[in-house]
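What follows is a short report on a single structure.
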Amino acid sequence: MCGELRASDAGKKAILMGWVNRRRDLGSIIFIHLRDRTGITQIVFNREVNPEMHAKAETLRNEYVIAAIGRVKLRDADTVNPSIPTGEVELVVDELRILNESKLPPFLPSDTALTNEETRLKYRYIDLRRDAMQFNIETRHKVAKAIRDYLSAQGFFEIETPFMTRSTPEGARDYLVPSRVQPGAFYALPQSPQMFKQILMISGFDKYFQIVRCFRDEDLRADRQPEFTQIDLEMTYPQPESVWEVVEGFLDAAFKAAGYEIQRPFPRMDYDEAIRLYGIDKPDLRLPAFSDVRDCFPAENLQELAINPNLPVIAIRTPKVGELSRKERDDIKPMFHSKGGARVYEDFKRIGNKFPEAAAAIAKKTGAQPDDLIVLVAGSAQAGPQTAMPAHRKVTPAELAIYASAGLLRLALAQKYAERHKLFQRGDFRFLWVTNFPMFEWDESERQWMAAHHPFTSPHEEDMGLLEQGVESVNDPQSTLSAVRALAYDVVLNGTELGSGSIRIHRQDIQSKIFRALGMTEAEAKSRFGFFLEALEYGTPPHGGIALGLDRIVMILAGAESLREVIPFPKTARAVDLMVDAPTPVSETQLRELGIQVKPVKQ
RNA sequence: GGGGACGUAGUUCAGUUGGUUAGAACGCUGCCCUGUCACGGCAGAGGCCGCGGGUUCGAGUCCCGUCGUCCCCGCCA
């Protein structure tokens with residue numbers, strides 16, 4: 001193939017097939033760079049040597065598909081091209097066959113400047129011919145294969161679960177598929193094979209995995225697509241640690257397949273600690289943690305700055321940013337998304353002028369170098385008295401608001417000044433297990449506690465008493481439910497949540513307690529998850545598992561900024577496929593068959 | 001649902017305070033060229049300035065709306 005010929009092949013006869021990547025017509029001699037998946041080889045047409053083929057070669061244009069039959073020739077020393085692996089040789093063509101012509105494409109795979117994404121997605125087949133995309137898709141294949149091989153070797157079976165299944169009323173919105181045979185009824189595409197994989201444990205398959213498409217009808221982001229691929233696995237009789245070992249094992253194999261070594265075991269961190277140190281449940285460990293610098297200020301300073309003295313004062317350190325201009329400093333404010341009355345103090349220099357002692361203490365506590373940027377986030381004194389705070393949680397909602405606001409700003413600053421601090425280098429992989437998530441989260445709009453992960457997650461053994469105590473207090477923000485921890489864990493890489501899992505509930509009595517704590521009657525639980533609850537009653541072994549986003553893993557390995565770079569045919573932010581132009585309205589006939597009427601969209 | 005950025009030739013972009021005929025590079029077409037490899041030289045074609053409305057003697061430029069792409073918040077058990 002086009003990327004394979006070497007000096008040792010000199011003198012051999014070869015047939016190359018591929019696309020015309022570039023042509024250089026020097027008159028009596030024509031050079032073509034011929035491209036396929038494996039690379040590029042230069043082929044040569046010389047009028048003196050072969051006038052007929054030379055004349056044919058004159059008609060070649062970019063992206064024509066050709067077959068070139070000829071002899072591999074060692075290039076003269078002064079004509080070697082060191083920038084391509086095949087640069088020591090070229091193919092002298094005896095016979096040229098034009099297999100297909102090409103219209104002039106809107107952009108060329110060999111273009112150096114990247115075309116706008118809209119055009120790339122519309123002409124995805126041309127975009128995918130580019131080197132970078134070929135590499136990304138190949139990486140994706142290698143990673144998936146390494147994971148399959150590793151898990152198979154560990155005794156896991158890959159088992160398929162249905163795509164046409166039952167709508168689950170909780171969680172993300174479902175994509176629905178109408179049934180023709182059962183008019184008015186709908187299948188749902190799975191958000192994850194959660195219940196099926198648990199049932200496979202009940203069915204005795206012991207270790208299951210699947211590299212499987214999942215579907216969620218929610219708004220998109222750079223790292224969120226409506227259909228995405230998960231490495232889904234489940235096993236019986238696990239401790240969280242045994243799941244982690246499997247995950248670390250296949251990630252190691254996957255990263256090796258992509259040419260990287262990673263450090264095992266991954267560090268571990270409690271959810272509460274992640275919030276306090278990073279303001280987020282998926283910390284990017286490449287950047288410095290927060291410092292709480294409240295005690296660096298005397299009370300009267302806090303008062304003068306209108307800072308609430310009962311809440312943390314977070315110092316965000318971004319290394320090596322250097323002196324900021326007035327404009328750059330003003331640009332920080334709009335990057336700040338305040339939650340719960342959090343305020344940003346972006347002008348640390350001014351604080352230094354006003355309160356030199358406090359500033360010195362902060363510099364010391366944060367370990368700031370003179371080049372580092374320090375930005376403070378604190379609660380506003382004007383925010384008034386704090387709302388009800390559950391006494392049981394280590395991090396109160398008011399504190400969480402400060403931490404979370406600071407956490408977002410920390411990332412925004414790091415991204416903006418990435419060029420300066422150079423902490424986002426390719427190949428620097430900082431994995432982390434975040435553990436002991438809260439089991440329940442307070443939903444302010446519904447005024448009730450909700451399952452933070454999903455209702456089949458097992459609570460922490462030590463927190464069963466707290467669950468017992470709070471089982472009838474779903475609408476009480478002060479409930480002990482706030483302090484119940486789940487046996488749930490996330491695996492995080494460089495600030496991206498790669499995957500999420502838990503030890504599941506395998507006992508019916510605990511399961512009904514959870515439903516009761518969530519304010520669900522027995523009848524409600526039965527109508528929602530009846531088949532599953534019934535299955536739990538037939539000798540369910542303890543089990544647990546995890547699911548990791550394959551797209552995200554490949555995205556990070558490829559050094560890409562968006563999932564779209566590692567998915568061959570992705571959707572835009574409006575969930576549209578620009579190449580096939582989906583979704584579209586369907587014919588009246590189709591709708592009639594399904595018994596569906598479409599209401600006109602309001603103008 | 002909310003906030004922000006962008007939209008000018010096939011592509012990437014420039015376009016001054018609102019002022020004559022909207023430019024460049026790459027690509028494309030033709031001619032020339034025997035060692036190029038981002039080939040080179042000469043000539044040429046190519047524009048609904050996203051779309052609609054408004055202000056103005058005059059709009060790519062200002063205003064309003066709209067469509068599209070991207071990013072973020074909400075949302076994503």
Side-chain angles (χ1 to χ4, degrees), chain A residues 21-34 40-49 54 58 61-63 73 75-84 86-87 90 92 103-108 110-123 126 168-174 191-192 194-195 214-226 228 331 334-339 404-405 408-409 411-412 415-416 437 439-441 443 445 449-457 486 488 497 500 502 514 518 528-529 549 561-562 564 571-574 576 578 603:
Chain A
N21 194 53
R22 255 169 212 281
R23 93 195 139 95
R24 287 179 295 280
D25 183 348
L26 275 64
S28 302
I29 186 161
I30 296 172
F31 297 103
I32 303 278
H33 267 181
L34 194 63
I40 281 174
T41 296
Q42 171 164 286
I43 66 175
V44 194
F45 300 88
N46 194 320
R47 187 185 283 150
E48 275 182 15
V49 177
H54 178 272
E58 278 181 329
R61 294 295 180 269
N62 285 323
E63 298 308 302
K73 180 181 156 250
R75 297 202 205 178
D76 295 337
D78 55 336
T79 63
V80 162
N81 181 358
S83 62
I84 54 175
T86 62
E90 61 194 7
V92 182
K103 269 172 54 173
L104 177 66
F107 57 97
L108 292 173
S110 59
D111 278 348
T112 40
L114 199 55
T115 302
N116 84 69
E117 206 172 348
E118 212 172 331
T119 311
R120 287 177 56 204
L121 288 175
K122 180 163 183 208
Y123 299 93
I126 294 167
T168 54
E170 269 188 281
R173 277 179 273 258
D174 286 324
Q191 298 172 25
S192 98
Q194 183 61 36
M195 285 190 239
C214 300
F215 307 86
R216 289 180 194 174
D217 186 5
E218 292 295 340
D219 287 353
L220 289 80
R221 286 280 192 288
D223 61 354
R224 264 159 42 189
Q225 283 274 312
F228 57 99
D331 285 344
M335 292 160 70
F336 182 69
H337 297 276
S338 171
K339 295 171 197 267
S405 303
L408 288 174
L409 184 61
L411 293 177
Q415 201 160 22
K416 177 153 185 171
F437 280 80
M439 180 83 195
F440 301 98
E441 247 160 29
D443 184 328
S445 60
W449 290 97
M450 310 274 264
H453 190 57
H454 58 62
F456 313 115
T457 302
E497 179 196 316
S500 193
S502 63
I514 296 290
L518 289 167
R528 289 186 179 189
F529 311 110
E561 296 282 317
S562 147
R564 295 183 298 277
K571 313 253 185 306
T572 69
R574 277 171 58 257
V576 166
L578 291 176
Q603 290 299 318

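What you are looking at is a predicted structure, and each value in this text was computed from that prediction instead of being measured. Numbered from 1 within each chain, the chains take letters A, B, ... in sequence-line order. We use all heavy atoms of the structure for the numbers below, so side chains are in, but hydrogens, waters and symmetry mates are not.
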> Taking only residues two or more places apart in sequence or in another chain, which ones pass side-chain hydrogen bond (donor to acceptor under 3.5 Å, both in side chains) with A:Thr115?
Replying inline: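 Testing A:Thr115 for side-chain hydrogen bond (donor to acceptor under 3.5 Å, both in side chains), a comparison that skips the adjacent residues, returns none.
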> Can you name the side-chain hydrogen bond (donor to acceptor under 3.5 Å, both in side chains) partners of A:Asp443, sequence neighbours left out?
Replying inline: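 Testing A:Asp443 for side-chain hydrogen bond (donor to acceptor under 3.5 Å, both in side chains), a comparison that skips the adjacent residues, returns A:Ser445.
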> Who passes ring pair (Phe, Tyr, Trp, His ring centres under 6.0 Å) against A:Phe456, sequence neighbours left out?
Replying inline: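 Checked A:Phe456 against ring pair (Phe, Tyr, Trp, His ring centres under 6.0 Å); matches are A:His454, A:Phe529, A:Phe532.
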> Got a sec, which residues hit ring pair (Phe, Tyr, Trp, His ring centres under 6.0 Å) with A:Phe437, two or more places apart in sequence or on another chain?
Replying inline: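 Residues passing ring pair (Phe, Tyr, Trp, His ring centres under 6.0 Å) with A:Phe437: A:Tyr271.
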How would you list, by chain and number, every residue that makes a salt bridge (charged side-chain N to carboxylate O under 4.0 Å, His left out) with [X], sequence neighbours excluded?
{"X": "A:Glu441", "result": "none"}
{"X": "A:Lys73", "result": "A:Glu90"}
{"X": "A:Glu117", "result": "A:Arg564"}
{"X": "A:Arg216", "result": "none"}

Once you apply a heavy-atom cut-off of 4.0 Å, does [X] come out as touching a base, just sugar-phosphate, or nothing?
{"X": "A:Glu441", "answer": "nothing"}
{"X": "A:Phe31", "answer": "base"}
{"X": "A:Leu114", "answer": "sugar-phosphate"}
{"X": "A:Glu90", "answer": "base"}
{"X": "A:Ala412", "answer": "nothing"}
{"X": "A:Thr79", "answer": "base"}

Which atom pairs link the protein and nucleotides 40-45 of chain B when you take only N or O atoms and keep those under 3.5 Å?
none

Under-3.5 Å N/O pairs linking protein and nucleotides 67-72 of chain B:
{"residue": "B:G68", "atom": "OP1", "partner": "A:Arg574", "partner atom": "NH2", "Å": "2.9"}
{"residue": "B:G68", "atom": "O2'", "partner": "A:Glu118", "partner atom": "OE2", "Å": "2.5"}
{"residue": "B:U69", "atom": "OP1", "partner": "A:Thr572", "partner atom": "OG1", "Å": "3.4"}
{"residue": "B:U69", "atom": "OP1", "partner": "A:Arg574", "partner atom": "NH1", "Å": "3.2"}
{"residue": "B:U69", "atom": "OP2", "partner": "A:Arg574", "partner atom": "NH1", "Å": "2.9"}
{"residue": "B:U69", "atom": "O4'", "partner": "A:Glu118", "partner atom": "OE1", "Å": "3.1"}
{"residue": "B:C70", "atom": "OP1", "partner": "A:Ala573", "partner atom": "N", "Å": "3.3"}
{"residue": "B:C70", "atom": "OP2", "partner": "A:Ala573", "partner atom": "N", "Å": "2.8"}
{"residue": "B:C70", "atom": "O3'", "partner": "A:Arg564", "partner atom": "NH2", "Å": "3.0"}
{"residue": "B:C71", "atom": "OP1", "partner": "A:Arg564", "partner atom": "NH1", "Å": "3.2"}
{"residue": "B:C71", "atom": "OP1", "partner": "A:Arg564", "partner atom": "NH2", "Å": "2.9"}
{"residue": "B:C72", "atom": "OP2", "partner": "A:Ala222", "partner atom": "N", "Å": "3.4"}

Nucleotides 26-30 of chain B: which of its N/O atoms have a protein N/O under 3.5 Å away?
{"residue": "B:C28", "atom": "OP1", "partner": "A:Asn62", "partner atom": "ND2", "Å": "2.6"}
{"residue": "B:U29", "atom": "OP1", "partner": "A:Arg61", "partner atom": "NE", "Å": "2.7"}
{"residue": "B:G30", "atom": "OP2", "partner": "A:Arg61", "partner atom": "NH2", "Å": "3.3"}

> Taking a pair as Watson-Crick or G-U wobble with both distances under 3.5 Å, which nucleotide is matched to B:C6?
Replying inline: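 With both distances under 3.5 Å, B:C6 matches B:G68.
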> Closest to the A:Pro106 side chain: B:G10, B:U36, B:G74?
Replying inline: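 Within the option list, the nearest is B:G10.
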> Rounding to the closest angstrom, what is the interatomic distance between B:A59 and B:G50 at atom P?
Replying inline: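 Between the two P atoms, the distance is 15 Å.
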N/O to N/O distances under 3.5 Å, protein versus nucleotides 5-8 of chain B:
none

